[in-house]
2 protein chains.
Amino acid sequence: MEMSERKLQILQAIILNYLETAEPVGSRTISRRFLMDLSSATIRNEMSDLEEMGLIEQPHTSAGRIPSSKGYRLYVDQLMKRDTVDDQQMNILMNLLKNKTVQLDSLLREIGDLLSTMTKYPTVVTMPQIKQSALKHLQLMPLDEHSAILVLVTDGNIVRNHVIPLQHEMKETDLYRISDVLNKELSGLSLSQMDLPLIQKIKRDCHVEPEIMESLLNAISDTLEHAKDGDVFTSGATNILSFPEFSDIARARSLMEFFNQKDQILHMVSTEERPVGTGLKIRIGTENTIEQLHDCSIVTANYRYKDRTIGTISVVGPIRMDYQKVVSALEGLMLDFPDLFGKPTGPDIGSLPDSKAN
Amino acid sequence: MEMSERKLQILQAIILNYLETAEPVGSRTISRRFLMDLSSATIRNEMSDLEEMGLIEQPHTSAGRIPSSKGYRLYVDQLMKRDTVDDQQMNILMNLLKNKTVQLDSLLREIGDLLSTMTKYPTVVTMPQIKQSALKHLQLMPLDEHSAILVLVTDGNIVRNHVIPLQHEMKETDLYRISDVLNKELSGLSLSQMDLPLIQKIKRDCHVEPEIMESLLNAISDTLEHAKDGDVFTSGATNILSFPEFSDIARARSLMEFFNQKDQILHMVSTEERPVGTGLKIRIGTENTIEQLHDCSIVTANYRYKDRTIGTISVVGPIRMDYQKVVSALEGLMLDFPDLFGKPTGPDIGSLPDSKAN
DNA sequence: GTTAGCACTCGAAAGGGAGGAGTGCTAACA
DNA sequence: TGTTAGCACTCCTCCCTTTCGAGTGCTAAC
């Protein structure tokens, strides 16, 4: 079967109309709304071809057509154009954001909120894994007789704190002195590199009563061990309740519950690396490995810190989602935060020459 | 109309059955399941009386009865018994919790999660308002040339941190010295007490170059000023999707969106003080001032720190919610965390003598 | 290659009983 | 006087049928 420019136009029209209405699209609708110089009969013939090619499908005999996963795949790979400029609202919010925060984790939260507000789809951000980021600074602070607070500052200015129990009462100055020693020994290392041998070494080098140091270091290494690795932040999850594909409560619930399963989300986004090129990974419907997401599409961007990929930002929507809007929003973000995403290299698969959809 | 023991039993039976089935309860059901020594006709007569008293109502002529708000009010005030012991699962979780954390905010989060797991209803916790809690300790930490991290530890071991910009480069020792001064001046005060005159005073007393101190203190007071006051933590919100009263998507969505409106939640729980006695505030259906909650009931406990009420923990459910389970769970928590809730004084309204519902 | 016309399909919506759960009322009974 | 059996009545729910219409595929003409 030959692919023609006209077929692509029709496919695009179907995708566009189905995005708006969530109803199967008939030949007459296309003839009237998109390609007025062709009769519905002609379009019917073309649609028949498109169906044979597997790009669209018919829910039942006497219904219109809806795009298939393969059809969407073709669309996002070849047909979809980028919105040239992010809209005003986004720019305003973005500027606010840039001036506001320098802590990576809160920045990511705000970006997630922003994306969700912009696109009206839920967003999911996997937070940097604290265990794998390098320690910038460490500080013990007195709390009361039985405990101190350990504050850890890592790459990206992420701050974590933990209350650690003290076996022996310690003076403030002692805590500060130990902090200094630990800083010298540990800064620059990732939390996962702080293993037992290293701790032993510090124990020897540090001129404090051994048993005090012992218990303190144990507490610290405990803390490091249990540092929650891989949090997930979700924003705008309730948006899915406005899509007719989730008017079935069971389906809506299953997806909502997915958003709460942090380990599953982490596993999902980590299984596949992002492709070269646009820097975005798009998973359409059944391309998702997780069954709960077979009715969804996900657009994912990886973010990095110091050239190492450390997490992902995803937009989740129904399969008919507005890929163009989502991709544009994400690419806009990527341009605005080059430190986080690197400059995207742009689409590596050329759009078709003259495909104008309206 | 006289209230009788038997009428109360019937009311209780209706409430119990409606809790299970979410369907109107007929006279025959009660006769078979709850009061087998009475015929359905007798129960019909009593039900007719109960309806006249406004305690139950009929959705339509040929349907059974459902409890009215007034009926539930009578139930929670007079009929409801407490489950004597929290179940095993809860005890296990609770013990885990007690040994785990000493930071008030994470403790509250865990309690919220626990309550939601136990009851299968969503829980909403309003977090302590950091602005109003007393400062325990304060510490400036170096970050890079242009910024430092201000770590604040308040009552309840709540730790907050903020990156603050530095106009002039500062040595680590300087930061520590300033921390010391600030600590001496500020600890014990609530963040809202740290006003401009106080800051001016510190500026004079502190022997650092004035313009450095100036910018630093400005940054700090800025930080204090903008300290987000009143966060809200929600757990188990998706549970509402399992209740038939929210099978209507629009209704479910409206409630889900309510959970995201932090200011509205804060406003709601702060408008009414808790009553003396059990220490729990129960709002049934239209007793809620917020329209989105007219289909819901909320059970709220206040928690305190150093005898000052600083926040609330609420369980939200459909009007037919299992008040007994929820109240027992909350009261169990209150017994287990006397520091947080004070010992509850127990029900101040006596239960009826012999009302056994099964 | 395009289009008008037409028969055909099939889901969605509307109409119409049948069934049944539940009520209120009455009259009889202990 | 309280309790209960019996009965007529109501009205919701379920299911079946019919109707309607949107959309298709095919054919023949342009």
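Lettering of chains follows the sequences in order, A, B, ..., and the numbering in each one begins at 1.
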Side chain to side chain, Met268(B) and Ile298(B), heavy atoms closer than 4.5 Å: yes

Most 5' of Ser39(B) and Thr61(B) on DNA chain D, judged by nearest nucleotide: Ser39(B)

Along DNA chain C (nearest heavy atom to each residue), the more 5'-positioned of Asn45(B) and Gly64(B): Gly64(B)

Whether Thr119(A) side chain and Leu115(A) backbone form a donor-acceptor pair below 3.5 Å: yes

Donor-acceptor contact present, side-chain Tyr121(B) to main-chain Asp322(B), <3.5 Å: yes

Short side-chain N/O contact to dG22(C) OP1/OP2 from Ser27(B), under 4.0 Å: no

Arg6(A) vs dT2(C): side-chain N/O to OP1/OP2 distance below 4.0 Å: yes

Side-chain polar contacts of residues 237-244 of chain B - donor-acceptor pairs under 3.5 angstrom, sequence neighbours left out - could you list them?
from      : atom 1 : to        : atom 2 : distance (Å)
Asn239(B) : ND2    : Gly236(B) : O      : 3.2
Ser242(B) : OG     : Asn239(B) : O      : 2.5

Could you tell me how far apart [X] ([atom1]) and [N] ([atom2]) are, to the nearest whole angstrom?
{"X": "Ile43(B)", "N": "dG22(C)", "atom1": "CD1", "atom2": "P", "value": "13 Å"}
{"X": "Glu57(B)", "N": "dG22(C)", "atom1": "CD", "atom2": "P", "value": "18 Å"}
{"X": "His60(A)", "N": "dA12(C)", "atom1": "NE2", "atom2": "C1'", "value": "9 Å"}
{"X": "Glu23(B)", "N": "dG20(C)", "atom1": "CD", "atom2": "P", "value": "17 Å"}
{"X": "Ile66(A)", "N": "dG11(C)", "atom1": "CD1", "atom2": "P", "value": "14 Å"}

Nearest-0.5 Å distance, CD1 of residue Ile43(B) to NZ of residue Lys7(B): 12.5 Å

From CG (Asp295(A)) to CD1 (Ile319(A)), nearest 0.5 Å: 6.0 Å

Nucleotide paired to dA28(D) in any strand shown, Watson-Crick or G-U, under 3.5 Å: dT3(C)

First-last contacting nucleotides on DNA chain D - partner chain B, under 4.0 angstrom, heavy atom: dT3(D) to dC12(D)

